[in-house]
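Let me begin by presenting the structure, written as structure tokens, before commenting on it.
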Amino acid sequence: MLTQRPRGTSDILPGVSEQWQRLEQAVRDTCRLYNFKEIRTPVFEHTELFARGVGETTDIVEKEMYTFTDRGDRSLTLRPEGTAGVVRAYVENKLFGSPDAVKMYYVGPMFRYEKPQKGRDRQFHQYGCEVFGSEDPGVDAEVIALNLHILDNLGVKGVTVELNSVGCSVCRPLHKKDMIERLLPVADRLCKDCQARLEKNPLRIFDCKNESCQALLKEVGAPTIAESLCDECQTHFSGVQGALDAMDVDYRLNPYLVRGLDYYTRTAWEYVVEGFSSIGGGGRYNGLVAQVGGPETPGIGFAGGMERVLMVLAEQSKEAVELPLLDLYVVGVDASGQLAAAKLLQQARKSGVSADRDYLQRSVKAQFKAADRLNARYVAVLGETEVAQGRVALKNLATGEQVDMTWADAILQVQQRGV
RNA sequence: GUGAGUGUGGCGAAGGGGUUAACGCACCGGAUUGUGAUUCCGGCAUACGUGGGUUCGAUUCCCAUCACUCACCCCA
């Protein structure tokens, strides 16, 4: 136990952390292009925030939260998703006072107590964007496009946007009621899962892989949510599609698309990659800010699953990831050589040259092998002769050519070839 | 939460109720008084997930447990 990480967590080790940095950089760079600013909220919040914000009946709240009581008897919960905390911060800090729409993004760990499997950890990571204060369908389209842009920058291929509208507080309850009325009388003919869905989220029955459930839906003539939108929602949804078309963003309408969180209204979408599950999703949440105690404010956002994006990326780029280069490896032939090496290293590093040496008293041969393993561009050799003369033998590992020179010249040469 | 599979050194992997548990990779030293490959020689490691049980004896069989993997549910 002592040497075992908690279930569903993972160590991101050197060699992989570089990929994470690349992903985070793409998120930051792209968000900057769209004028989104970063927000960092606590990793835990009052339990009530998630219970009310995410929705009491969602799986997340019912069985997946990491909830604990602190020493002051407060019930706190490790955030299972990012939006609730951002909404809380928006309200608490009165960002609704802004004359403009507020556009923010976040990156960080989330926690859900689930059974781990591929692309699903108990501590996992999401990046996400949120926009507050605009109902304009153009905002929906822009947010959808933003993540596509991020994924494209990273080189993720084959991303499809699945798009739907799940209606609003007016038309969705009507549709739900309609579905229940049609299906309840024949509920015993639904599969076990769908009987549960009928209670919790009838929309999801459209998603069932069971043929008999699909047949039953047809038999009772259950309409999809997309067919049951109120005029306002229908107009908004058309607006979103129009904006996406204008932006040349491809999407696929999926009238069965449902999102798991209660707060979504109108536009809902997912980013899917053939052969994988969804790697991100989002939606509009016009009631959420008010739900959390702020003024009636429309909002919209998406979240991307970082583990999943990296998984797809790893799968799509089969070629080995190139080890980052080390500019210089300093070989000390003997004790005085290693002492000189310590000195040369500091000079090199202060000149912006990345450099390292051996700390295991290994042979010169072994030190060269290490330089090779580390993908070093140059090796500087410091032996008896060099130390005595205040010089260094600089070897270019790619060409094999080795020249005796002063320390300053050696550093200069490594610097010049470094750009 | 439900179901299935797996667990042998740093990594990969064989084996099998009985004294020293193969092999490969990696790593270290030497052949080459201070140079990256190949080859050869030598070296290396608290390795049978954990706890019980059966047995004269278990890493091997049984049970439990933990972890990992996959699917379902659900989701990112």
Side-chain angles (χ1 to χ4, degrees), chain A residues 1-10 13 54 57-64 79-83 107-128 147 191-194 196-197 200-201 204 207-210 257-261 269-273 276-283 301-312 329-334 336-338 358 360-387 392-402:
Chain A
M1 261 345 211
L2 202 56
T3 56
Q4 188 168 61
R5 64 183 187 274
R7 183 159 208 212
T9 62
S10 59
L13 301 173
V54 176
T57 65
T58 58
D59 274 15
I60 292 178
V61 172
E62 281 185 349
K63 50 187 205 196
E64 295 174 359
R79 61 182 184 195
E81 54 98 52
T83 302
V107 179
M110 307 293 164
F111 307 84
R112 291 182 199 172
Y113 190 89
E114 292 187 278
K115 195 152 180 176
Q117 64 185 72
K118 197 169 189 63
R120 165 186 279 173
D121 282 338
R122 289 183 173 182
Q123 174 174 339
F124 61 105
H125 299 76
Q126 292 185 334
Y127 62 92
N147 191 35
C191 71
K192 208 184 280 174
D193 284 337
C194 282
R197 289 177 178 128
K200 277 183 67 173
N201 199 342
R204 216 175 272 294
D207 243 346
C208 186
K209 295 153 194 91
N210 212 316
L257 180 70
V258 188
R259 314 257 24 250
L261 284 51
W269 71 95
E270 277 184 15
Y271 303 91
V272 298
V273 177
F276 295 86
S277 56
S278 152
I279 59 171
F302 74 85
M306 298 177 74
E307 281 82 358
R308 293 188 178 182
V309 170
L310 291 174
M311 194 192 305
V312 171
Y329 193 88
V330 184
V331 169
V333 175
D334 51 20
S336 69
Q338 284 296 13
D358 173 70
L360 303 173
Q361 291 90 41
R362 286 187 293 201
S363 67
V364 170
K365 182 191 179 83
Q367 292 185 55
F368 265 86
K369 285 176 83 165
D372 208 34
R373 271 199 299 273
L374 294 172
N375 209 9
R377 292 167 42 244
Y378 286 92
V379 167
V381 183
L382 289 166
E384 218 177 328
T385 333
E386 289 83 1
V387 172
V392 64
L394 187 70
K395 179 168 186 175
N396 181 324
L397 284 189
T399 64
E401 110 189 272
Q402 180 169 321

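Residue numbers begin at 1 in each chain, while the letters A, B, ... track the order of the sequences. Hydrogens, waters and symmetry mates play no part in the numbers below; they use all other heavy atoms, side chains included.
- Within 4.0 Å (heavy atoms only), A:Glu384 reaches at least one base atom of the nucleic acid.
- The gap from the C1' atom of B:C68 to that of B:A21 amounts to 24 Å, rounded to the nearest Å.
- The shortest side-chain heavy-atom distance between A:Phe124 and A:Arg112 falls under the 4.5 Å cut-off.
- Residue contacts shown for A:Lys63 are absent, as no nucleic acid heavy atom lies under 4.0 Å away.
- Listed pair A:Arg197 / B:C73 meets the phosphate criterion, a side-chain N or O lying under 4.0 Å from OP1 or OP2.
- Donor-acceptor pairing under 3.5 Å, judged by distance alone, is present between the side chain of A:Gln402 and the base of B:U35.
- Taking atom P on both nucleotides, B:A14 is separated from B:G51 by 25 Å, rounded to a whole Å.
- Ranking B:G36, B:G3, B:C74 by closeness to the A:Lys395 side chain, first place goes to B:G36.
- Counting non-hydrogen atoms under 4.0 angstrom, A:Gly304 reaches nothing in the nucleic acid.
- Using a 30° and 60° split on the angle between ring planes, A:Trp269 and A:Phe302 fall in the tilted class, from 30° to 60°.
- Judged purely by atom type and a 3.5 angstrom limit, A:Glu114 has no side-chain atom pairing as donor or acceptor with the backbone of A:Glu64.
- Within the nucleic acid shown, A:Gly128 has no heavy atom closer than 4.0 Å to any nucleic acid atom.
- The two residues A:Ala380 and A:Val392 make their nearest non-hydrogen contact at CB-CG2, 3.6 Å.
- Atom CG of A:Asn375 is separated from atom P of B:G36 by 17 Å (rounded to the nearest Å).
- Minimum heavy-atom separation, A:Glu270 to A:Ser278: OE1-CB, 3.5 Å.
- Between B:A22 and B:U60, the two C1' atoms lie 16 Å apart (nearest whole Å).
- The side chain of A:Arg7 contributes an N or O atom lying less than 4.0 Å from OP1 or OP2 of B:C68.
- Mapping A:Glu64 and A:Lys118 onto RNA chain B by nearest heavy atom places A:Lys118 closer to the 5' end of the strand.
- Among the atoms of the strands shown, base atoms are found under 4.0 Å from some heavy atom of A:Leu397.
- Between the OH atom of A:Tyr329 and the P atom of B:G36 there is a distance of 14 Å, given to the nearest Å.
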Could you check A:Lys200 against A:Asp59 for salt bridge (charged side-chain N to carboxylate O under 4.0 Å, His left out), going step by step and ending with a plain yes or no?
CA-CA 10 Å; A:Lys200 277 183 67 173; A:Asp59 274 15; 2.7 Å; yes
What's touching nucleotides 28-30 of chain B from the protein side, N or O pairs under 3.5 Å?
unit_1 : atom_1 : unit_2   : atom_2 : d
B:C28  : OP1    : A:Arg362 : NH1    : 3.0
B:G29  : OP1    : A:Ser363 : N      : 3.2
B:G29  : OP1    : A:Ser363 : OG     : 3.4

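- The partner of B:U6, taking Watson-Crick or G-U wobble pairs whose two distances both stay under 3.5 Å, is B:A67.
- The partner of B:G17, taking Watson-Crick or G-U wobble pairs whose two distances both stay under 3.5 Å, does not exist in any strand shown.
- If you take CZ of A:Arg377 and P of B:G36, they are 21 Å apart, rounded to a whole angstrom.
- Residues A:Leu382 and A:Pro6 both approach RNA chain B. Their nearest nucleotides, taken by heavy-atom distance, put A:Leu382 toward the 5′ side.
- Phosphate contact (OP1/OP2 of B:C68, side-chain N/O of A:Arg120, threshold under 4.0 Å): absent.
- Of all nucleotides present, none satisfies the Watson-Crick or G-U wobble test against B:G36 with each distance under 3.5 Å.
- Comparing the C1' positions of B:C73 and B:U2 gives a spacing of 8 Å, expressed to the nearest Å.
- Between the side chain of A:Arg5 and the backbone N or O of A:Thr9, at least one donor-acceptor pair lies under 3.5 Å.
- Of the P atoms belonging to B:C41 and B:G57, the separation is 44 Å, rounded to the nearest Å.
- At least one donor-acceptor pair under 3.5 Å links the side chain of A:Tyr329 to the backbone N or O of A:Asp358.
- For the pair A:Arg122 and A:Tyr113, the cation-pi criterion (under 6.0 Å, within 45° of the ring axis) is fulfilled.
- Using modelled atom types, one finds a donor on one side chain and an acceptor on the other under 3.5 Å when comparing A:Tyr127 with A:Asn147.
- As a whole-Å value, the separation of A:Asp372 CG from B:A26 C1' is 15 Å.
- Taking every side-chain heavy atom of A:Glu386 into account, B:G34 is the closest of B:G34, B:G1, B:A76.
- With both pairing distances under 3.5 Å, B:C11 is matched to B:G24 as a Watson-Crick or G-U wobble pair.
- With a cut-off of 3.5 Å on both pairing distances, B:C73 has no Watson-Crick or G-U wobble partner at all.
- Rounding to whole angstrom units, CZ of residue A:Phe276 and P of B:A71 are separated by 11 Å.
- Contacts of A:Glu307 with the nucleic acid, taken as non-hydrogen atoms under 4.0 Å apart, are absent.
- B:U20 and B:G10 are spaced 23 Å apart, taking the C1' atom of each and rounding to whole Å.
- Among the heavy atoms of the strands lying under 4.0 Å from A:Asp121 is at least one base atom, whether or not backbone atoms are also near.
- Between A:Glu270 atom CD and B:C74 atom P the separation is 12 Å, expressed in whole Å.
- Nucleotide B:A76 holds its C1' atom 12 Å from the CG atom of A:Leu310, rounded to whole Å.
- B:U65 and B:C27 have their C1' atoms separated by 35 Å, with the value rounded to a whole Å.
- Note on A:Gly8: only backbone sugar-phosphate atoms sit closer than 4.0 angstrom, heavy atoms only; bases stay farther off.
- Across all strands shown, A:Gly400 has heavy atoms under 4.0 Å from base atoms, whether or not it also approaches the sugar-phosphate.
- Annotation: B:U38 and B:G29 have their P atoms spaced 15 Å apart (nearest Å).
- In this structure, A:Arg112 reaches the bases: a heavy-atom distance under 4.0 Å links it to at least one base atom across the strands shown.
- With hydrogens and angles left out, the side chain of A:Gln117 and the base of B:C72 share a donor-acceptor pair within 3.5 Å.
- Within the 4.5 Å cutoff, no side-chain heavy atoms of A:Pro80 are placed close to those of A:Met110.
- One interatomic measurement links the two molecules: CD of A:Glu81 to C1' of B:C74, which rounds to 15 Å at whole-angstrom precision.
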